[in-house]
Amino acid sequence: MNVKNFLIHFNMDTKQNLKKYLQEIEKNDKKGKKINAFLQVKPVENTKKGKLTGKIIAVKSNINVKGLNCSCASKTLENYQSPYDASVIKRIKDEGGIIIGMTNMDEFACGWSGETSAFGPTRNPVKIDLVSGGSSSGSAAAVAAGFCDMALGSDTGGSIRVPSSHCGVVGVKPTYSTVSRYGLIDMCMSFDQIGPIAKNVSDAALLLSVIQGKDDCDAISQESKIIDLKKIEEPPKKIKIGLLDFPVKDKRIQDIIDKIIDEAKKKYKWKIEKVKIPYLDLAIATYYPIVYVEFFSSTRRFDGRKYGKKIEDVCGPEVLRRILGGSEITKAEYKGRHYNQALKVRTLLQKEFEKVFKKFDCIVSPTVPKFPHKIGDKISSEEMFQYDALTCPINIVGNCAISIPIGEIKGIPIGMQIACDRFQDELMLRIARGIEGLGGDREKRVMREEKALK
Ligand code: GLN
């Protein structure tokens, strides 16, 4: 990569910022720490000015950016060049943001750890031998590694929040339908949502405020309350937090959550109460049949005639499993039995969440109830499914949720998920902003936690 050649098209302020990031990428993405966060680095010239002027933004490889390679980290679309901008990209460009390149991900967003990419796994910049979490592995790792200011990911069952949690950054899954999906290569249309990944809550709120809003190109998109960036800085008063009662296997993870929530209670006088959500244990069994069916249907266009190669000929085992599973579930002889059953449980869960949000302003839990595994380690499917046990319920019901870093255990970042009711994204960001600074600064926190472990 020739950094100088890349820079000639940009103005002075942007140039400095871009140069810093390109040098860091050059040093540690394919060489040095070999993070492998990017599949393509190719800054896109933009002379517009706005809320994102000078901000350098990385984009997950399933979101179309005109002229860049939207491969979904698959051999299927290895050479596919986007002929147009997704609506979120148009909005970013209109506000002066600079797209720096396309990030690595699980193949077609099917995965938990970032390891199903056809172009190698993404390393976790904080703990280099561990997985970064998936499927928006490269986007979260790029922010954590200091390769960009912010990034876009997509979240179908946890793909923004899981890698954000493991890489120690902030990731938001907005309320379903509040961010246009036009130009996103879908994985499961009724759950997919594009969202921001950033170094802190304020930056995530800024990017979300740019990409949110109704879009005529996405039939299900809806107008939502525009996020007031000043308000994000004020912690809400008199709220009631539901602390999720869930059997987290490793007690140390739940302990950090409890400690921070206790601090929030003292500082802001928020009310805290434990909450159990009925049928939460059915979330995974509900999520996958729906994903398999919708994924099977959405991949039928990759038959090797119009876009790239025939998917079944070149994809990895996880993608193939979903295609075969989806084709089996949809067989006429089953008369939609499994799919309809899943939809029924989905409605059941929606009702339970509605009840919970009548009583509480938000639900707090670990983002991921387990630690990330070592790259290459073989783990069981049951263990793999645990990655999004607490994130996929939010997609099933269509609400919003954020993951924020709140501490580390043996140097591994731990994320807290804060979930709110539909269209309460602003309230969610305000709560997250209030909690963000708790637990002391990072160095003191790490020392304290390490001491506690001895
Ligand atoms: N891990 C989940 C899955 O494999 C979620 C993926 C995602 O959110 N894109 O389906």
Quick one: list whatever passes ring pair (Phe, Tyr, Trp, His ring centres under 6.0 Å) with Tyr287, sequence neighbours left out. Phe191

Pairs in or reaching into residues 94-106: which pass side-chain hydrogen bond (donor to acceptor under 3.5 Å, both in side chains), with residues at least two apart or in two chains? Lys48-Asp94, Thr103-Ser139, Asn104-Ser117, Asn104-Thr122, Asp106-Thr116

Between Arg321 and Glu318, is there a side-chain N and carboxylate O pair less than 4.0 Å apart? yes

Between Asp262 and Lys266, does any side-chain N to carboxylate O distance fall below 4.0 Å? yes

Separation of Ile257 CD1 from Ser365 OG (nearest 0.5 Å): 7.0 Å

Do Lys249 and Pro369 have side chains that approach each other closer than 4.5 Å (heavy atoms only, starting at C-beta)? no

Where is the tightest heavy-atom contact between Ser224 and Gly213, given as atom of each residue plus distance? OG-N, 4.5 Å

Tell me every residue that passes ring pair (Phe, Tyr, Trp, His ring centres under 6.0 Å) with Tyr84, counting only those two or more places apart in sequence or in another chain. Tyr182

Test item: Asp85 and Asn64 side chains (from C-beta on) under 4.5 Å apart, heavy atoms: no

Between Ile89 and Leu152, is any pair of side-chain heavy atoms under 4.5 Å apart? yes

Which heavy atom in Ala151 sits nearest to a heavy atom in Leu207, and how many Å separate them? O-CD2, 3.6 Å

Heavy-atom closest pair, residues Gly376 and Glu115: N-OE2, 2.8 Å

Could you pull out all residues at least two apart from Phe371 that satisfy ring pair (Phe, Tyr, Trp, His ring centres under 6.0 Å)? none

State, with a plain yes or no, whether a side-chain heavy atom of Val248 is found less than 4.5 Å away from one of Phe246. yes

Of the options Asp203, Val143, Asn200, Ile404, which is the one that meets Val169 in a side chain to side chain contact (heavy atoms under 4.5 Å, CB included)? Val143

About how many Å separate CG of Leu280 and CG of Leu390, when rounded to the nearest 0.5 Å? 6.5 Å

Does the Asn28 side chain pair with the main chain of Glu24, one donor and one acceptor, at a distance under 3.5 Å? no

With sequence neighbours left out, what residues match Lys231 under salt bridge (charged side-chain N to carboxylate O under 4.0 Å, His left out)? Glu426

Going by salt bridge (Lys or Arg N to Asp or Glu O under 4.0 Å), name the pairs with one or both residues in residues 389-405, residues two or more places apart or in two chains. none

If a pair satisfies salt bridge (Lys or Arg N to Asp or Glu O under 4.0 Å) and one of its residues is in residues 120-145, list it, with sequence neighbours excluded. none

So, Thr367 and Ser403: side-chain donor and acceptor under 3.5 Å apart, yes or no? yes

How about Lys60 and Ser136: does a side-chain donor come under 3.5 Å of a side-chain acceptor? yes

Do Ser165 side-chain atoms and Arg161 backbone N/O form a donor-acceptor pair below 3.5 Å? no

Does a donor on one side chain and an acceptor on the other come within less than 3.5 Å for Asn17 and Asp149? yes

Going by side chain to side chain contact (heavy atoms under 4.5 Å, CB included), Met187 matches just one of Asp192, Val319, Asn62. Which one? Asp192

All pairs passing ring pair (Phe, Tyr, Trp, His ring centres under 6.0 Å) where residues 144-167 contributes a residue, at least two apart: His166-Tyr387

Counting N and O atoms only, with roles assigned by atom type, does the side chain of Ser298 sit under 3.5 Å from a partner on the main chain of Phe295, one being a donor and the other an acceptor? yes

With distance as the sole test, does Asp29 use its side chain to make a donor-acceptor pair with the main-chain N or O of Asn36 at under 3.5 Å? yes

Under a 3.5 Å distance rule, please check whether Ser74 uses its side chain to pair with a backbone N or O of Ser71 as donor and acceptor. no

Sole residue of Lys267, Glu263, Met416 in side chain to side chain contact (heavy atoms under 4.5 Å, CB included) with Ile435: Met416

Those residues at least two apart in sequence (or on a different chain) that pass ring pair (Phe, Tyr, Trp, His ring centres under 6.0 Å) with Phe119 are none

Minimum heavy-atom distance between Ile418 and Ala432, given as atom pair plus value: CD1-CA, 3.7 Å

Is Asp255 salt-bridged to Lys251, going by a charged N under 4.0 Å from an acidic O? yes

Identify whether the distance between the nearest side-chain nitrogen and carboxylate oxygen of Lys370 and Asp250 falls below 4.0 Å. no

When you measure from the side chain of Glu352 to the backbone of Pro278, do you find a donor-acceptor pair of N or O atoms at a distance under 3.5 Å? no

With a 4.5 Å limit on heavy-atom distance, are the side chains of Ile99 and Leu68 in contact? yes

If the threshold is 4.0 Å, N to carboxylate O, is there a salt bridge linking Lys359 and Glu273? yes

What salt bridge (Lys or Arg N to Asp or Glu O under 4.0 Å) pairs are there with at least one residue in residues 166-185, not counting sequence neighbours? Arg181-Asp218

Pick out which of Asp215, Val179, Val65 makes a side chain to side chain contact (heavy atoms under 4.5 Å, CB included) with Val88. Val179

What pairs of residues pass the ring pair (Phe, Tyr, Trp, His ring centres under 6.0 Å) test when at least one of them lies in residues 86-109, not counting sequence neighbours? Phe108-Phe302

Of all pairs that satisfy ring pair (Phe, Tyr, Trp, His ring centres under 6.0 Å), the ones with a partner from residues 337-366, not counting sequence neighbours: Tyr334-His338

Any side-chain donor near an acceptor of the partner, Ser190 and Glu294, under 3.5 Å: yes

Spatial distance of atom CG (Asp216) from atom OG (Ser221) [nearest 0.5 Å]: 7.0 Å

With a 4.5 Å cut-off on side-chain heavy atoms, are Gln212 and Arg91 touching? no

Determine the minimum heavy-atom distance between Gly158 and Thr391, stating which atoms define it. CA-OG1, 3.4 Å

4.5 Å side-chain heavy-atom contact, Val172 and Ile160: no

Val364 versus Gln417: any side-chain heavy-atom pair under 4.5 Å? no

